[in-house]
Amino acid sequence: MLTARVETQADLLVTARAAYRRGDFETSYAAYSRAGSVGPLGLDDLDAMAIAAGRLGHRRESTRVGELVYVRLTRTDPTAAAVKAVELGSAWLSRGEWVIGQTWISRARALHSDAPESPASRRLAYLEAVGAAFAAYAAAISAAARTELRAAITAADSTDLPLLLRGAIQISLTAGDLDEAEGYLRALEAVDAADDVLRGAVLVRRGRYREALTVLQAALRESRYETAEAYEWLNEAHRGLGEIG
């Protein structure tokens with residue numbers, strides 16, 4: 001009787017590494033994923049998996065694995081961790097996630113402050129300049145948008161009001177006006193349209209990370225919420241508690 005050979009983690013890693021070297025990222029990512037389900041991956045393999053995921057367009061998975069690489073590097077090689085933080089910051093900024101991107105750029109600067117000039121340090125300086133320009137632009141846009149939105153909310157009927165209030169909360173968060181964001185949250189609750197993801201986001205921005213985790217984890221159990229957005233705020237709460245790095 002013939003028996004099927006079960007691939008070990010070592011077998012899967014041989015396949016993944018070989019596929020990665022020849023640019024077959026689909027095979028490489030699939031093999032790394034299977035190997036990771038068997039046991040922990042080494043640092044180089046995790047990094048390769050993150051790159052393979054990115055090449056396939058799996059941006060969230062690439063970022064998630066990249067963050068694991070960053071956490072490990074902070075314990076063993078701060079300079080390499082700074083380079084990884086620059087990569088992650090660039091990835092978030094390219095997706096329009098300015099706040100999260102700036103957080104990674106700040107981490108990179110803290111780790112890279114005394115490092116000699118290098119391609120990574122020049123990239124970091126460039127991203128800091130882009131972030132500063134975007135911040136000035138966003139502040140101007142935000143001020144105009146907030147004025148227009150207040151007028152629209154005053155005139156809105158019961159059908160449009162919840163959508164406008166959610167937009168107002170997001171704009172207030174971008175502007176850093178947490179008191180205003182909480183005011184809009186109360187208004188949203190008053191029309192029976194409470195949004196736990198946005199409430200969790202405000203708690204994260206307040207630094208009340210434990211409360212934010214409770215609220216966001218409850219939101220993730222409800223299918224009506226946008227899972228990706230909830231997970232991003234959940235990750236921010238974990239970072240605030242020092243659980244991700």
Side-chain angles (χ1 to χ4, degrees), residues 57-64 67 88-105 130-241 244:
H58 305 323
R59 295 188 300 175
R60 295 188 188 283
E61 176 68 359
S62 177
T63 301
R64 183 189 70 80
E67 289 183 359
L88 290 165
S90 180
W92 280 110
L93 290 173
S94 70
R95 288 158 58 178
E97 296 286 355
W98 181 77
V99 174
I100 300 175
Q102 284 295 98
T103 299
W104 281 105
I105 296 306
V130 169
F134 184 83
Y137 174 77
I141 295 298
S142 178
R146 289 163 76 189
T147 299
E148 293 177 6
L149 200 52
R150 289 187 192 108
I153 286 170
T154 301
D157 60 24
S158 59
T159 301
D160 294 332
L161 186 57
L163 180 61
L164 289 171
L165 287 170
R166 289 189 182 94
I169 293 165
Q170 291 169 338
I171 289 173
S172 298
L173 283 170
T174 300
D177 191 337
L178 299 182
D179 290 337
E180 183 177 68
E182 288 187 336
Y184 286 132
L185 271 175
R186 288 191 294 271
L188 199 58
E189 292 167 357
V191 294
D192 295 322
D195 190 309
D196 284 343
V197 173
L198 290 174
R199 187 155 67 92
V202 172
L203 288 169
V204 169
R205 287 286 176 263
R206 288 286 191 197
R208 292 157 59 182
Y209 302 118
R210 291 286 179 198
E211 292 176 67
L213 284 176
T214 299
V215 170
L216 291 165
Q217 285 166 347
L220 282 168
R221 290 193 288 270
E222 299 184 37
S223 59
R224 66 190 178 94
Y225 287 112
E226 168 53 50
T227 303
E229 182 186 3
Y231 270 119
E232 285 172 11
W233 285 112
L234 194 68
N235 286 338
E236 281 296 293
H238 281 299
R239 291 187 193 102
L241 292 168
I244 293 183

*Just wondering, do Arg150 and Tyr184 contact through their side chains at under 4.5 Å, heavy atoms?*
yes
*Mind listing the closest non-hydrogen atom pair of Ala237 and Ala212 along with its distance?*
CB-CB, 4.3 Å
*Pairing of Arg64 and Glu67 as salt bridge, 4.0 angstrom limit*: no
*Might you point out which heavy atoms bring Ala156 and Leu164 nearest each other, and give the distance in Å?*
CB-CD1, 3.5 Å
*asked:* Looking at every non-hydrogen atom in both residues, tell me the closest pair between Asp195 and Leu185 and how far apart they are.
replied: O-CD2, 4.2 Å
*How far apart are the closest heavy atoms of Glu180 and Ser172, and which atoms are they?*
OE1-OG, 2.7 Å
_Apply salt bridge (charged side-chain N to carboxylate O under 4.0 Å, His left out) to residues Arg205 and Glu182 and explain how you reach the verdict._
CA-CA 11 Å; Arg205 287 286 176 263; Glu182 288 187 336; over 6 Å; no
*Looking at side-chain heavy atoms only, is the closest gap between Leu216 and Asp196 below 4.5 Å?*
no
_Shortest non-hydrogen contact between Ala168 and Ile153, atoms and distance_ = CB-CD1, 3.8 Å
*asked:* Using 0.5 Å steps for rounding, measure from the CG atom of Leu234 to the CG atom of Leu220.
replied: 6.0 Å
*Evaluate the criterion salt bridge (charged side-chain N to carboxylate O under 4.0 Å, His left out) for residue pair Arg186 and Glu189; output intermediate values, then yes/no.*
CA-CA 5 Å; Arg186 288 191 294 271; Glu189 292 167 357; over 6 Å; no
*Please name the pair of heavy atoms, one in Trp233 and one in Val204, separated by the smallest distance, quoted to 0.1 Å.*
O-CG2, 3.8 Å
*Output yes when a side-chain donor or acceptor of Thr63 lies under 3.5 Å from a complementary backbone atom of Arg59, and no otherwise.*
yes
_Non-neighbouring partners of Asp177 that pass side chain to side chain donor-acceptor pair (under 3.5 Å), sequence neighbours left out_ = Arg146
*How many angstroms lie between atom OH of Tyr209 and atom NE2 of His238, to the nearest 0.5 angstrom?*
13.0 Å
*With side chains defined as the heavy atoms from C-beta onward, is the minimum distance between Val215 and Val197 less than 4.5 Å?*
no
*asked:* Using a 3.5 Å distance criterion without hydrogens, assess whether the side chain of Asp160 forms a donor-acceptor pair with backbone atoms of Leu163.
replied: no
